**Student:** 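Got a structure here, written out as structure tokens. Questions coming.
Because the structure is predicted, anything quoted here is derived from the model rather than measured. What's counted below: heavy atoms across the whole structure, side chains too, no hydrogens, waters or symmetry copies.
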Amino acid sequence: MPELPEVETTVKGLQAKVLLRTFVDVWSDWKKMVKKPNFELFKKELQGKKIIKVWRRAKNVIFDLSDGYSLLVHMKMTGHLMYGIWNMKNNTWQARKDGPLKEKINGYLHIIFFLDNGSQIALSDYRKFAKVELWKTEELLTSKEFNSWGPEPLEKSFTLAKFKEVLKHKKGRIKQVIMEPKVIAGVGNIYSSEALWWAKIHPEKSASKLTDKELKSLYDAIKKVLQQGINLGGESFADYRNVEGEKGHFGSQRMVYKREKESCKRCNTIIVRKKFGGRSAFFCPKCQKP
DNA sequence: AATCGTTCCTGATAGC
DNA sequence: TGCTATCAGGAACGAT
């Protein structure tokens with residue numbers, strides 16, 4: 001599932017490919033993925049808009065366009081954006097003009113954006129939870145939703161004091177709290193599990209019960225695992241791929257996520273998987289005591 | 001105000 | 001063997 005490092009990897013990949021390109025058309029076989037405005041209007045309004053900037057806020061990919069518009073894409077759980085040249089006739093695609101011809105078009109492409117140089121950006125999503133929205137930039141930046149998201153954990157302004165401030169009055173389980181978009185941006189199931197392992201904190205511990213030492217450890221761990229994720233091009237345990245359709249390498253660094261019944265790399269204890277709040281937490285019952 | 005349950009999807013897997 | 005039931009999971013939203 002794309003979290004901050006995966007979205008960041010996607011953004012970097014797109015920056016290298018699509019800056020200053022202009023949208024000429026859009027195709028979709030699942031039009032309700034476009035939430036704003038309706039698909040027909042979306043298609044009409046997007047045509048002729050030039051991509052000026054590609055950036056990330058929380059887990060959203062944002063394309064700033066000409067005429068004061070912004071295109072927002074949230075990949076949710078199983079989505080990923082790919083760039084390339086699709087050949088509808090023989091069902092193939094190339095990530096680069098001079099690159100190898102990939103055997104088959106990914107079977108889950110639900111939106112394809114056609115660019116003015118003959119290339120395309122495609123949104124693949126087998127669970128169809130992804131969302132796409134076209135905003136006036138000013139409206140997006142001042143919207144309730146945009147301003148509800150928590151701080152960016154890798155920005156300088158995210159200090160330890162800021163971390164403590166956002167956790168204030170939070171009594172819920174720490175894992176669920178740090179996964180909440182309104183608390184901190186970009187942290188999901190993978191990186192919350194990993195950060196808690198590094199910080200030696202049990203995922204079900206109440207956020208309000210963390211000691212100062214634990215808060216500092218967790219703060220450091222969140223930044224550490226996210227940066228490591230970016231450095232390794234994200235995690236591809238499930239569906240995530242970069243814009244060229246390739247896997248990320250964070251998997252090799254996973255300490256707990258999806259490692260239940262394997263041994264803890266610190267103390268050899270068997271890693272446990274426990275579901276709460278509708279999600280699976282992975283942790284070492286010895287290193288991360290309740 | 002904080003927290004919990006529901007909703008959107010479909011491939012994989014468990015159970016019979 | 002083949003069918004059906006269950007599950008995963010980001011995050012907005014409504015209910016409590």
**Student:** Specify the separation, in whole Å, of atom CZ of A:F276 and atom P of C:dA8.
**Tutor:**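 From A:F276 CZ to C:dA8 P: 13 Å.
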**Student:** Just to be sure I understand the rule, does A:T78 reach a base, reach only the sugar-phosphate, or reach nothing, if contact means heavy atoms closer than 4.0 Å?
**Tutor:**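 If one applies the 4.0 Å heavy-atom cut-off, A:T78 turns out to touch nothing in the nucleic acid.
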**Student:** Angle between ring planes, A:W30 versus A:H110, binned at 30° and 60°: parallel, tilted or perpendicular?
**Tutor:**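 If you compare the ring of A:W30 with that of A:H110, the planes turn out tilted.
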**Student:** Short of 4.0 Å, heavy atom to strand atom, which residues of residues 140-155 of chain A count as contacting DNA chain C?
**Tutor:**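 Listed by number, they are A:E145, A:W149.
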**Student:** Do NZ/NE/NH1/NH2 and the carboxylate oxygens of A:K59 and A:E3 come within less than 4.0 Å?
**Tutor:**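 Answer for the salt bridge query: no.
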**Student:** Which residue in the set A:K258, A:K275, A:E260, A:R273 passes side chain to side chain donor-acceptor pair (under 3.5 Å) when paired with A:S280?
**Tutor:**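 Of the listed residues A:K258, A:K275, A:E260, A:R273, the side chain to side chain donor-acceptor pair (under 3.5 Å) partner of A:S280 is A:R273.
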**Student:** Mind checking salt bridge (Lys or Arg N to Asp or Glu O under 4.0 Å) for A:E8 and listing every partner two or more places apart, or none if nothing turns up?
**Tutor:**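 Salt bridge (Lys or Arg N to Asp or Glu O under 4.0 Å) list for A:E8, sorted by chain: A:R56.
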**Student:** Give a yes or no on whether a salt bridge exists between A:E139 and A:K136, defined as a side-chain N under 4.0 angstrom from a carboxylate O.
**Tutor:**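 No, no charged N to carboxylate O under 4.0 Å.
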**Student:** Polar atoms only, N or O, under 3.5 Å: list the protein pairs with nucleotides 14-16 of chain C and their distances.
**Tutor:**
none

**Student:** So, applying ring-ring contact (aromatic ring centres under 6.0 Å, His included) with A:H202, which one of A:W197, A:F283, A:F276 is it?
**Tutor:**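 When ring-ring contact (aromatic ring centres under 6.0 Å, His included) is applied between A:H202 and each of A:W197, A:F283, A:F276, only A:F283 qualifies.
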**Student:** Tell me every residue that passes side chain to side chain donor-acceptor pair (under 3.5 Å) with A:S119, counting only those two or more places apart in sequence or in another chain.
**Tutor:**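 A:S119 satisfies side chain to side chain donor-acceptor pair (under 3.5 Å) with A:Y83, A:N117 once adjacent residues are dropped.
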**Student:** Show the distances under 3.5 angstrom between N or O atoms of the protein and N or O atoms of nucleotides 5-9 of chain B.
**Tutor:**
| residue | atom | partner | partner atom | Å |
| --- | --- | --- | --- | --- |
| B:dC9 | OP1 | A:K32 | NZ | 2.5 |
| B:dC9 | O4' | A:R127 | O | 3.4 |

**Student:** So if I apply the side-chain contact (heavy atoms from CB on, under 4.5 Å) rule between A:L210 and each of A:K170, A:K205, A:K164, which one comes out positive?
**Tutor:**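 So, applying the side-chain contact (heavy atoms from CB on, under 4.5 Å) to A:L210 and each of A:K170, A:K205, A:K164, only A:K205 qualifies.
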**Student:** Is it the case that one hydrophobic cluster holds both A:W135 and A:L71, taking links as side-chain heavy atoms less than 4.5 Å apart, direct or via other members?
**Tutor:**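 As far as the 4.5 Å side-chain criterion goes, A:L71 and A:W135 are not connected within one cluster.
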**Student:** Could you tell me the separation between the NZ atom of A:K274 and the P atom of C:dA8, rounded to a whole number of Å?
**Tutor:**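 Rounding to the nearest Å, NZ of A:K274 and P of C:dA8 are 14 Å apart.
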**Student:** Within this structure, what is the CG-to-P distance between A:N60 and C:dA11, rounded to whole angstrom?
**Tutor:**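 The answer, rounded to whole Å, is 8 Å.
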**Student:** Determine the interplanar angle of the A:Y108 and A:Y126 rings, folded into 0 to 90°, and report it as parallel if under 30°, tilted if 30 to 60°, perpendicular if over 60°.
**Tutor:**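 Tilted: the ring planes of A:Y108 and A:Y126 meet at 30° to 60°.
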**Student:** Atom OH of A:Y240 to atom P of C:dA8: distance rounded to whole Å?
**Tutor:**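 Rounded to the whole Å, the gap is 24 Å.
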**Student:** Decide, yes or no, whether a salt bridge links A:K216 with A:E214 under the criterion of side-chain N to carboxylate O below 4.0 Å.
**Tutor:**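 Not counted as a salt bridge, because no side-chain N and carboxylate O are separated by less than 4.0 Å.
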**Student:** Side chain to side chain donor-acceptor pair (under 3.5 Å) with A:E204: which of A:K274, A:K175, A:Q176?
**Tutor:**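 That would be A:K274; it is the only one of A:K274, A:K175, A:Q176 passing the side chain to side chain donor-acceptor pair (under 3.5 Å) with A:E204.
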**Student:** Any cation-pi pair here, A:K224 with A:W198, using under 6.0 Å and within 45°?
**Tutor:**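 Judged by the rule, A:K224 and A:W198 form a cation-pi pair.
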**Student:** Return the polar atom pairs (N/O with N/O) between nucleotides 1-4 of chain B and the protein under 3.5 Å, or none.
**Tutor:**
| residue | atom | partner | partner atom | Å |
| --- | --- | --- | --- | --- |
| B:dT3 | OP1 | A:K171 | N | 2.7 |
| B:dT3 | OP1 | A:G172 | N | 3.0 |

**Student:** What integer distance in Å separates A:L4:CG from C:dA11:C1'?
**Tutor:**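 Taking CG of A:L4 and C1' of C:dA11, I get 16 Å after rounding.
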**Student:** Give the rounded distance in Å between these two atoms: OH of A:Y108 and C1' of B:dA12.
**Tutor:**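 That distance rounds to 10 Å.
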**Student:** How many Å lie between CG on A:D125 and C1' on B:dT10, as a whole number?
**Tutor:**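 To the nearest whole Å, that distance equals 10 Å.
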**Student:** Distance check needed: C:dG10 C1' versus A:K131 NZ, whole Å only.
**Tutor:**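 One finds 10 Å between C1' of C:dG10 and NZ of A:K131, rounded.
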**Student:** Looking at every strand, decide which applies to A:M75 at a 4.0 Å heavy-atom threshold: base, sugar-phosphate, or nothing.
**Tutor:**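 Contact class for A:M75: none.
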**Student:** Taking the inter-plane angle between the rings of A:F23 and A:F63 on a 0 to 90° scale, is it parallel (under 30°), tilted (30 to 60°) or perpendicular (over 60°)?
**Tutor:**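 Rings of A:F23 and A:F63: perpendicular, over 60°.
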